[in-house]
Amino acid sequence: MDLLKFFAFTYAISWTCFFAATAPSLVGLRGLFLAIGVAAPAIVALSLSRSFSLLRRVIAWRVGVRWYLFAVGYVAAIKLIAALLHRLSLGAWPRFGNHPWYIIVAAIVLSTPFHSGEEIGWRGYALPRLAARFGYAGASVILGVIWACWHLPFFLRPGADTYGQSFPLYMLQVTAMSVALAWLYMNTNGSLLLVMLMHSAGNQTKDIVPSAVPGATNSFTFNSSVVAWLTVTLLWICAGYFLLRMRAQERLGSAEHLRDVHPLANGV
């Protein structure tokens with residue numbers, strides 16, 4: 001019941017704010033509405049849990065260096081491999097972004113704290129509760145679909161960066177990313193800092209090889225760029241591996257590990 005409340009209240013607050021942000025009469029309040037909408041998952045999660053123990057996991061930084069490298073480099077590696085495959089298969093390099101690497105690094109660092117608005121809710125509150133019933137592998141896929149659909153207003157309102165882009169393909173992409181984030185969460189004892197970092201890095205590095213189709217107008221088709229399809233394919237190859245590993249970890253019954261990230265065990 002608490003999970004249903006979480007999803008219902010999060011969608012209600014976020015979608016109201018997202019649509020209000022694009023209303024011509026409220027243009028002066030656009031930034032405020034967007035900020036509240038993006039922070040809604042955390043606001044609802046903290047309200048329902050009635051505990052600030054979730055916030056302690058936002059600063060859980062004591063994890064292996066390899067997990068920091070994974071969080072920062074995962075999407076960038078996927079994009080660069082997609083570019084190489086594009087070159088090998090079509091004989092030409094795709095379009096590359098024009099932001100210097102140091103600007104991207106700075107953007108990752110500066111934007112990471114702001115992703116707490118989503119990750120306290122999605123991975124901090126919802127993921128472990130779904131996992132208690134479906135396992136982390138199943139929960140990551142279910143949450144991925146819900147998380148993707150939460151972004152739908154940005155595909156419907158003119159002026160948004162994703163307006164007219166393929167939403168079905170986006171859902172496949174986000175669901176695969178949800179699996180990778182769950183894998184990271186599981187292996188860092190529920191560190192929200194690391195999933196915030198990965199979320200930020202993904203947003204900031206996805207356009208080193210852009211996937212968007214200029215001038216797209218129909219969000220409900222599978223029409224998209226070759227780079228987009230290559231990216232989704234690579235994300236799902238990796239997601240398949242992560243799903244198998246998560247299922248294997250849970251079958252082995254690593255009770256102490258799962259207890260570390262289970263919400264009820266920690267009174268979250």
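Only heavy atoms go into these numbers, but all of them, side chains included; no hydrogens, no water, no symmetry mates.
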K.L.:
What I'd like to find out is whether the side chain of V141 reaches to under 4.5 Å of the side chain of V179, using heavy atoms alone.
P.N.:
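Contact flag for V141/V179 side chains = yes.
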K.L.:
Side chain to side chain contact (heavy atoms under 4.5 Å, CB included) for I208 and I104? Distances and angles first, verdict last.
P.N.:
CA-CA 9 Å; I208 60 175; I104 294 174; 3.6 Å; yes
K.L.:
Heavy atoms, side chains only, cut-off 4.5 Å: are M186 and E250 in contact?
P.N.:
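Heavy-atom side-chain distance check passes, below 4.5 Å.
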K.L.:
Can you check whether G124's main-chain N or O pairs, donor with acceptor, with E119's side chain at less than 3.5 Å?
P.N.:
no
K.L.:
Please name the pair of heavy atoms, one in S49 and one in L54, separated by the smallest distance, quoted to 0.1 Å.
P.N.:
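Looks like OG-CD1, 4.0 Å.
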K.L.:
Is any side-chain heavy atom of F18 less than 4.5 Å from a side-chain heavy atom of V38?
P.N.:
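Yes. Closest side-chain heavy atoms under 4.5 Å.
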K.L.:
Any heavy-atom pair between the side chains of L143 and F7 that's under 4.5 Å?
P.N.:
yes
K.L.:
Kindly compute the distance separating CD1 (I142) from CD1 (I146), expressed to the nearest 0.5 Å.
P.N.:
7.0 Å
K.L.:
If you look at every heavy atom in T10 and W122, which pair is closest and at what distance?
P.N.:
CG2-CH2, 3.9 Å
K.L.:
Are Y170 and F155 an aromatic pair by the rule of ring centers under 6.0 Å?
P.N.:
yes
K.L.:
Ignoring hydrogens and angles, tell me if any N or O in the side chain of R57 forms a donor-acceptor pair with the backbone of L192 under 3.5 Å.
P.N.:
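Not a single qualifying donor-acceptor pair exists.
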K.L.:
Quick one: pull up CG in L29 and SG in C17 and give me the separation to the nearest 0.5 Å.
P.N.:
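Reported value, rounded in 0.5 Å steps: 10.5 Å.
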K.L.:
Hey, what do you get for CH2 (W67) to CG (L184), rounding to the nearest 0.5 Å?
P.N.:
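Atom-to-atom, W67:CH2 and L184:CG are 6.5 Å apart.
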K.L.:
Could you tell me whether the side chain of N203 reaches within less than 4.5 Å of the side chain of H115, counting heavy atoms only?
P.N.:
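Answer yes - side chains close enough.
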K.L.:
Counting only heavy atoms not in F9 (residues, nucleotides, ligands), do more than 12 fall under 6.0 Å from its CZ?
P.N.:
no
K.L.:
Closest approach of A212 and Q165, non-hydrogen atoms and distance?
P.N.:
CA-OE1, 3.5 Å
K.L.:
Take atom CZ of F114 as the centre, draw a 6.0 Å sphere, and report whether it contains more than 12 heavy atoms from other residues, nucleotides or ligands.
P.N.:
no
K.L.:
Tell me whether M171 is reachable from L234 by hopping between hydrophobic residues (I, L, V, M, F, W, Y) whose side-chain heavy atoms are closer than 4.5 Å.
P.N.:
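Same cluster.
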K.L.:
Without swapping roles, check the side chain of H86 against the backbone of A92 for a donor-acceptor pair under 3.5 Å.
P.N.:
yes
K.L.:
Distance check, rounded to the nearest 0.5 Å: L90 atom CG versus L85 atom CG?
P.N.:
10.0 Å
K.L.:
State yes or no: do M177 and L244 share one hydrophobic cluster built from I, L, V, M, F, W and Y residues joined by side-chain heavy-atom distances below 4.5 Å, directly or via other members?
P.N.:
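Unlinked, M177 and L244 end up in two clusters.
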K.L.:
With the 4.5 Å side-chain cut-off for hydrophobic clustering, are V209 and V226 part of the same group?
P.N.:
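Yes: a chain of side-chain contacts under 4.5 Å links V209 to V226.
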K.L.:
Would you mind listing the cluster partners of I103? Hydrophobic ones only (ILVMFWY), side-chain contacts under 4.5 Å, chaining allowed.
P.N.:
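Via sub-4.5 Å side-chain contacts, I103 links to W101, Y102, V105.
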K.L.:
So V75 and Q204, do their side chains get closer than 4.5 Å, heavy atoms only?
P.N.:
no
K.L.:
Donor-acceptor pair, S200 side chain versus M196 backbone, under 3.5 Å?
P.N.:
no
K.L.:
Looking only at atom types and distance, does a side-chain atom of S166 sit under 3.5 Å from a main-chain N or O of T221, one as donor and one as acceptor?
P.N.:
yes
K.L.:
Step by step, work out the side chain to side chain contact (heavy atoms under 4.5 Å, CB included) result for V227 and W229.
P.N.:
CA-CA 5 Å; V227 170; W229 278 106; over 6 Å; no
K.L.:
Going by heavy atoms in the side chains, are F167 and L156 under 4.5 Å from each other?
P.N.:
no
K.L.:
List the atom of W147, the atom of L181, and the distance in Å for their closest heavy-atom pair.
P.N.:
CH2-CD1, 3.6 Å
K.L.:
So, for A180 and M198, which heavy atoms are closest and what is the spacing to 0.1 Å?
P.N.:
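Shortest heavy-atom contact: CB-CE, 3.7 Å.
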K.L.:
Start with the C-alpha distance between W61 and T188, add both sets of side-chain angles, then the distance that settles side chain to side chain contact (heavy atoms under 4.5 Å, CB included), and finish with yes or no.
P.N.:
CA-CA 9 Å; W61 62 274; T188 56; over 6 Å; no
K.L.:
Under a 3.5 Å threshold, yes or no: a donor from one side chain and an acceptor from the other, between W150 and E118?
P.N.:
no
K.L.:
With the 4.5 Å side-chain cut-off for hydrophobic clustering, are L46 and L4 part of the same group?
P.N.:
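In one cluster: no.
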K.L.:
Under a 4.5 Å side-chain heavy-atom rule over Ile, Leu, Val, Met, Phe, Trp and Tyr, are F70 and V65 clustered together?
P.N.:
no
K.L.:
ring-ring contact (aromatic ring centres under 6.0 Å, His included) between Y125 and Y185: does it pass, once the steps are laid out?
P.N.:
CA-CA 12 Å; Y125 186 88; Y185 177 93; over 10 Å; no
K.L.:
Does some side-chain heavy atom of K206 sit less than 4.5 Å from a side-chain heavy atom of T231?
P.N.:
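They are not in side-chain contact.
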K.L.:
Identify, with sequence neighbours excluded, every residue that meets side chain to side chain donor-acceptor pair (under 3.5 Å) alongside R245.
P.N.:
Y241
K.L.:
Specify the closest pair of heavy atoms between S14 and A40, including all atoms of both residues, with the distance to one decimal.
P.N.:
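Looking at all heavy atoms of both residues, the shortest contact is OG-CB, 3.1 Å.
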K.L.:
As a test of understanding, state which of V195, N189, L194 forms a side chain to side chain contact (heavy atoms under 4.5 Å, CB included) with S191.
P.N.:
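One option only clears the test, and that one is L194.
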K.L.:
Partners of S211 by side chain to side chain donor-acceptor pair (under 3.5 Å), sequence neighbours excluded?
P.N.:
K79
K.L.:
Do we get R157 above F154's six-membered ring, with its NZ or CZ under 6.0 Å from the centre and within 45° of the axis?
P.N.:
no
K.L.:
Applying side chain to side chain contact (heavy atoms under 4.5 Å, CB included), run through I120 and L55 and close with a yes or a no.
P.N.:
CA-CA 8 Å; I120 287 174; L55 297 179; 3.7 Å; yes
K.L.:
So, W236 side chain and L172 main chain: donor-acceptor pair closer than 3.5 Å or not?
P.N.:
yes
K.L.:
Output the distance between atom CH2 (W93) and atom CG (L84), rounded to the nearest 0.5 Å.
P.N.:
5.0 Å
K.L.:
Please report whether the ring centroid of W15 lies less than 6.0 Å from that of H151.
P.N.:
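No.
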K.L.:
Do S140 and S178 have a side chain donor and acceptor closer than 3.5 Å?
P.N.:
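No - no donor-acceptor pair under 3.5 Å links their side chains.
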